[in-house]
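Structure, as C-alpha cells:
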Number of protein chains: 2
Amino acid sequence: MTAGSPLVAALDHAGHRLTGPRRAIADLIAERGASTFTAADLVADVRSRRLGIGRATVFRAIDLLVAVGAVERVDLRTGEHAYVACVPAHHHHVICSRCARTVEIGDLGLGALARDVARRTGYRIDEHRLELHGLCPACQRAVALA
Amino acid sequence: MTAGSPLVAALDHAGHRLTGPRRAIADLIAERGASTFTAADLVADVRSRRLGIGRATVFRAIDLLVAVGAVERVDLRTGEHAYVACVPAHHHHVICSRCARTVEIGDLGLGALARDVARRTGYRIDEHRLELHGLCPACQRAVALA
DNA sequence: GGTCTTGTCGAGACTCAGTATCACTGCGCA
DNA sequence: TGCGCAGTGATACTGAGTCTCGACAAGACC
Ligand SMILES: [Zn+2]
Ligand SMILES: [Zn+2]
Ligand SMILES: [Zn+2]
Ligand SMILES: [Zn+2]
C-alpha cells in the first residue's frame, strides 16, 4: 500500500509532507477507485476502521488533494458535494446516480465550444464544468430486474 | 408587480396556491433578473425589508420554483449553491464569478454529444449539466482598471 | 359574503457539513 | 539525534437546510 497510490505521489511531487493521516486518507480514496465519495463517507471509513484520524483532518486532506489536482469535486443531482480521484488533465465525468461509479471522458470539443460562447457573449470564460448523470450498465440491469 | 412575474404564473399554472409569501419571494427573485442568488441572499432581503417571512418558507418557495422549472440550481466554483430564474426549456448558463450576472445559451450540440457518450460508455444518460464560469464584459473592464 | 377543508406559514428546535482555534506532535532536515 | 515548524486531534463554533407543530388563510363550494 505504501508503494501505492498516485495520490500520495501527487502530494509528494507538490512538495507537501507525507504524513501518516494523509497516506491513510489517500489509501481510503484509492480504494474507492473511480467511484465518487463524500467527505462523510471518508469520515465514516476512518471511524469504522478506528484510524484515529480527526474529522478536520479528513476535510483538510481532501482540500489538499483537490488543490494538487489529484481529486476533483463533482456536484451530485441532490446538491451533495462529492469527490472523485482522477488524473490532473482536463476532462469530464459520467456519473452513475445509483452506485456512484464514474467514467472519465475527454474534452470532446467543449474547449472550442467555450471559445465560441466567449466570442458571442463577450464573457471571458475561465472554466467550464460538464457532468453527465445517468445509470451505469450494471445498474441498468439491476433496475430492470426490480 | 402583481401583474407580473412569469414565476408567479409558473406556480399558478402548475396548480399551486398563490400565497402572499410566495408572491413576495417570486418578486424578490424577479428583481435579481438574470443574476444568480443564494438562499441566504433571499433570506437577507426578507429580513431587511421586514417582510415577516420565515426562513423555512424561503427554502420551501425556492424548492417549489425549482420543481416547477422556473428556477434552476447552479453550483458556483466555491461550492456554494446558487439559483437563477430562467425559462423552463433545456439550456445552460454562463456565469460571471464576480457579479453573478448570467447569460443563457442553448444546448449547442450537447444532446448529441451525450448520446455519443452513452453509446461509447454504455451508460444511460438521464441528465447533463454544463456551466461556464468567467467574467462578464463589465467585470472584465472593472478588473482591468484595478 | 360565509363556511369548510386543506395546504401553507412562522417559530424555533434540530441535524449535519464545513471551519476555526489551539495546544501538542511527528515529519523532514541538519 | 535533535530542532523547528507544518500538520494534527479535540472541541467549539458557524451556517445551510430540515422538521415539527399549532395557527392561519387560499380557494372551493354554497
Ligand atoms: Zn451504477
Ligand atoms: Zn472540457
Ligand atoms: Zn460580472
Ligand atoms: Zn444541454
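Because the structure is a prediction, the values reported are computed rather than measured. Just so we're on the same page: letters track the sequence lines, and every chain starts at 1.
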Using 0.5 Å steps for rounding, measure from the CG atom of B:D107 to the CG atom of B:L113.
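Rounded to the nearest 0.5 Å, the CG-CG separation comes to 9.5 Å.
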
Quick one: which residue pairs count as a salt bridge (charged side-chain N to carboxylate O under 4.0 Å, His left out) with a foot in residues 47-59 of chain A, not counting sequence neighbours?
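Listed once each, the pairs are A:E31-A:R49.
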
Whichever of A:H81 and A:R60 has its nearest DNA chain C nucleotide further upstream toward 5'
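Nearest nucleotide further toward 5': that of A:H81.
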
With the threshold set at under 4.0 Å for non-hydrogen atoms, list the residues of residues 48-56 of chain A touching DNA chain C in residue-number order.
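Listed by number, they are A:R55, A:A56.
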
Residue pair A:L108 / B:V117, side-chain heavy-atom distance below 4.5 Å:
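Of all side-chain heavy-atom pairs linking B:V117 with A:L108, at least one is under 4.5 Å.
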
Which pair of non-hydrogen atoms, one from [X] and one from [Y], has the smallest distance, and what is that distance?
{"X": "B:H92", "Y": "B:G106", "answer": "CD2-O, 3.7 Å"}
{"X": "B:A114", "Y": "B:I125", "answer": "O-CG1, 3.8 Å"}
{"X": "A:Y123", "Y": "B:Q140", "answer": "C-NE2, 3.5 Å"}
{"X": "B:R23", "Y": "B:V8", "answer": "NH1-CG1, 4.2 Å"}

Please encode protein proximity along nucleotides 25-30 of chain C as a string of B, S and -, counting only heavy-atom distances under 4.0 Å.
-BBS--

Nearest-angstrom distance from the residue atom [atom1] of [X] to [atom2] of [N]:
{"X": "A:L64", "N": "C:dG18", "atom1": "CG", "atom2": "C1'", "result": "17 Å"}
{"X": "A:I25", "N": "D:dG7", "atom1": "CD1", "atom2": "P", "result": "13 Å"}
{"X": "B:D12", "N": "C:dT8", "atom1": "CG", "atom2": "P", "result": "13 Å"}
{"X": "B:L11", "N": "D:dG27", "atom1": "CG", "atom2": "P", "result": "11 Å"}
{"X": "A:E80", "N": "C:dT15", "atom1": "CD", "atom2": "P", "result": "18 Å"}
{"X": "A:D63", "N": "D:dA6", "atom1": "CG", "atom2": "P", "result": "18 Å"}
{"X": "A:F59", "N": "D:dT14", "atom1": "CZ", "atom2": "P", "result": "17 Å"}
{"X": "A:L42", "N": "D:dG9", "atom1": "CG", "atom2": "P", "result": "14 Å"}

Output the single nucleotide from D:dG17, C:dA17, D:dG9 whose closest atom is nearest the side chain of A:T57.
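Selected nucleotide (nearest to the side chain): D:dG9.
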
When the nearest nucleotide of DNA chain D is assigned to A:V58 and to B:A39 on a heavy-atom basis, which residue is associated with the more 5' position?
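The 5'-side residue here is A:V58.
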
Between A:T57 and A:R60, does any side-chain donor sit less than 3.5 Å from a side-chain acceptor?
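A pair is found: one side chain offers a donor N or O, the other an acceptor, under 3.5 Å apart.
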
A:H128-A:H90 side chain donor-acceptor pair, cut-off 3.5 Å:
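Their side chains do contain a donor-acceptor pair, which is all the 3.5 Å distance test asks for.
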
